[in-house]
Amino acid sequence: MKIFNMPKAEPKSIQELMQRAEALAGLTLGEVAEVAGVRVPVNFKREKGWTGQLIELCLGASAGSKTQQDFAKLGVELKTIPIDNIGKPLETTYVCYAPLTDIAGIEWQTSSVKNKIQQVLWMPIDGRREIAPKDRCIATPLLWSPSTAQENQLRTDWEELMEMIALGQIESITARHGQYLQLRPKAANGNVLTEAIGNSGQVIHTRPRGFYLRKEFTGKILSTFFNHGEL
DNA sequence: GAGTGATCATAA
DNA sequence: TTATGATCACTC
């Protein structure tokens, strides 16, 4: 007796995707992993992206690293998000790599950030560290698209950060910049370098960066959804 | 305790 | 090497 079915192909509609996602709600990662036939890590010190990959597998997303959305055909990006006992995010949310060169002419409307957050299927999952991964429960999924106000907030931060990058100020950007969208290192380790623009317009080498959504931003998305727009 | 900067596994 | 999936863990 299976508690849910492993998909054999990508969902053909958003309705089908949501049905698959909702079928996982209430289950633990251990239960889901058993059906999927994968082992559950004792902790995430090594396999940090394990949860996301498991959910991708169970929703029928094609694996692999693509610049596109997880369900490009449906225009939906999948994100698992660790929450505490009252539904607040425990971690920031990675969005995408930040372009550090050839950025002349890049605009918000065609940016990777805008493309990724256009429509997101959030899968909140209990992420409290005192609970073993196999016992962590999947909460109710929600399909979200940014409101005009939310998009403007992110656009403002994105434009500020991109301008600094364009002006060769990448080395002076810290995670404190940006109200809702921040820029942080994103690499295997601190030795990884990539090209960027220096303060005199020359090519320099710096750690790769990624855009992340602050917990305050994602927290509002979740609370708005679960409180029917209030609070 | 929160948040920033660092890190881990895997794919193509 | 760059990108995906993220969480860890040290510092304040």
Side-chain angles (χ1 to χ4, degrees), chain A residues 10 21 24 29 32-33 36 38-72 76-86 88-103 111-113 115-117 120-134 136 138 141 157 161 164-165 170-196 203 205-219:
Chain A
E10 288 187 36
L24 301 178
L29 293 180
V32 173
V38 302
R39 60 162 272 285
V40 186
V42 174
N43 59 54
F44 294 134
K45 287 182 182 178
R46 305 187 84 82
E47 297 159 86
K48 299 181 179 180
W50 182 86
T51 306
Q53 310 237 299
L54 174 68
I55 301 303
E56 282 186 346
L57 187 63
C58 294
L59 294 184
S62 47
S65 54
K66 294 177 255 186
T67 305
Q68 299 300 308
Q69 294 143 320
D70 295 294
F71 300 97
V76 175
E77 171 71 11
L78 171 67
K79 289 290 180 193
T80 59
I81 182 166
I83 57 173
D84 63 14
N85 57 316
I86 57 172
K88 290 175 57 180
L90 288 168
E91 296 286 350
T92 54
T93 301
Y94 169 69
V95 180
C96 63
Y97 250 51
L100 303 181
T101 59
D102 301 313
I103 57 182
S111 69
S112 295
V113 174
N115 178 59
K116 282 290 180 69
I117 59 107
V120 180
L121 172 55
W122 297 98
M123 294 284 293
I125 300 173
D126 196 327
R128 288 175 287 174
R129 292 195 195 181
E130 58 267 34
I131 298 178
K134 70 174 176 55
R136 294 185 188 178
I138 299 173
D157 288 335
L161 293 167
M164 290 185 73
I165 292 172
I170 180 69
E171 297 289 28
S172 59
I173 298 177
T174 73
R176 296 169 192 78
H177 287 84
Q179 189 175 4
Y180 297 108
L181 187 72
Q182 62 180 177
L183 197 69
R184 304 217 307 275
K186 171 65 173 166
N189 58 62
N191 299 321
V192 178
L193 296 176
T194 191
E195 292 188 341
V203 173
H205 292 275
T206 187
R207 305 192 316 290
R209 312 298 163 91
F211 285 111
Y212 293 79
L213 296 175
R214 290 185 183 280
K215 287 186 284 186
E216 184 185 347
F217 188 83
T218 52

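Distance from the side chain of A/Pro185 is smallest to B/dG5 among C/dT7, B/dG5, B/dG3. With C/dA6, B/dG3, B/dT4 as the candidates, the nucleotide lying closest to the side chain of A/Lys79 is C/dA6. Listed nucleotides C/dC8, B/dG5, C/dT2 differ in distance to A/Tyr97; the shortest reach to its side chain belongs to C/dT2.
The shortest distance between side-chain heavy atoms of A/Leu181 and A/Phe217 does not fall below 4.5 Å. Between A/Pro141 and A/Leu24 there is no side-chain heavy-atom pair separated by less than 4.5 Å. Looking only at side-chain heavy atoms (C-beta outward), A/Val203 and A/Thr101 stay at 4.5 Å or farther from each other. Counting heavy atoms from C-beta on, the side chains of A/Glu77 and A/Asp70 come closer than 4.5 Å. Inter-residue side-chain proximity for A/Thr80 and A/Leu54 is flagged as unmet; no heavy-atom pair is nearer than 4.5 Å.
A distance-only check finds no donor-acceptor pair linking the side chain of A/Tyr212 to the backbone of A/Lys215 [under 3.5 Å]. Within the 3.5 Å criterion, the main-chain N or O of A/Gln179 finds a donor-acceptor partner in the side chain of A/Asp157. Although no hydrogens or angles enter the test, the distance criterion places a donor-acceptor pair under 3.5 Å between the side chain of A/Tyr97 and the main chain of A/Lys186. Of the possible polar contacts, one joining the A/Gln69 side chain to the A/Asn115 backbone as a donor-acceptor pair under 3.5 Å is found.
Heavy atoms only, all atoms of each residue included: A/Gln68 and A/Ala72 are closest at CB-CB, 4.3 Å. Considering every non-hydrogen atom in both A/Gly190 and A/Arg207, the closest pair reads O-CD, 3.7 Å.
The distance between atom CD1 of A/Ile131 and atom C1' of C/dT7, rounded to the nearest whole Å, is 16 Å. The distance between atom CD of A/Glu91 and atom C1' of B/dG3, rounded to the nearest whole Å, is 10 Å. We find that OH of A/Tyr212 is positioned 12 Å from C1' of C/dC8, with the value rounded to whole Å. The separation between A/His177 atom NE2 and B/dG5 atom P is 10 Å, rounded to whole Å. Atom NZ of A/Lys215 is separated from atom C1' of B/dG5 by 14 Å (rounded to the nearest Å). Spacing between atom CG of A/Asp84 and atom P of C/dT7 amounts to 13 Å, rounded to whole angstrom units. Atom-to-atom, CG of A/Leu121 to C1' of C/dG5 comes out at 15 Å; the value is rounded to the nearest Å. The separation between A/Leu90 atom CG and B/dG1 atom C1' is 12 Å, rounded to whole Å.
Between A/Thr194 and A/Val95, it is A/Thr194 whose nearest contact on DNA chain C lies nearer the 5' terminus. If you find the closest nucleotide of DNA chain C to A/Pro208 and to A/Arg129, the one lying nearer the 5' end belongs to A/Pro208.
Backbone-only contact: A/Glu77 has heavy atoms under 4.0 Å from sugar-phosphate atoms and none from a base. If you check every strand for non-hydrogen atoms under 4.0 Å, A/Asp70 touches sugar and phosphate atoms only. Within 4.0 Å of A/Thr93, counting heavy atoms only, lies no atom of the nucleic acid at all.
A donor-acceptor contact closer than 3.5 angstrom is absent between the side chains of A/Arg136 and A/Thr51.
OP1 or OP2 of B/dG5 lies within a sub-4.0 Å distance of a side-chain N or O belonging to A/Arg176. When the side-chain nitrogen and oxygen atoms of A/Arg214 are compared with OP1 and OP2 of B/dG3, none of them lie within a distance under 4.0 Å.
Residues from residues 54-62 of chain A placing a heavy atom under 4.0 Å of any atom in DNA chain B do not occur.
Taking five base pairs at each end of the helix from B/dG1-C/dC12 to B/dA12-C/dT1 and finding the rotation axis that steps the C1' atoms of four pairs onto the next four gives two axes whose angle is 30°, to the nearest 10°.
Not a single donor-acceptor pair, N or O on each side, falls under 3.5 Å between the base of C/dA3 and the side chain of A/Tyr94.
Environment of NZ in A/Lys66: crowded, with over 12 heavy atoms of neighbouring residues, nucleotides or ligands closer than 6.0 Å.
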Using the 3.5 Å cut-off, write out each protein N or O paired with an N or O of nucleotides 8-12 of chain B and the distance between them.
{"residue": "B/dC8", "atom": "O2", "partner": "A/Arg46", "partner atom": "O", "Å": "3.4"}
{"residue": "B/dA9", "atom": "OP1", "partner": "A/Arg46", "partner atom": "NE", "Å": "2.7"}
{"residue": "B/dA9", "atom": "OP1", "partner": "A/Arg46", "partner atom": "NH2", "Å": "2.8"}
{"residue": "B/dA11", "atom": "N3", "partner": "A/Ser65", "partner atom": "OG", "Å": "3.4"}

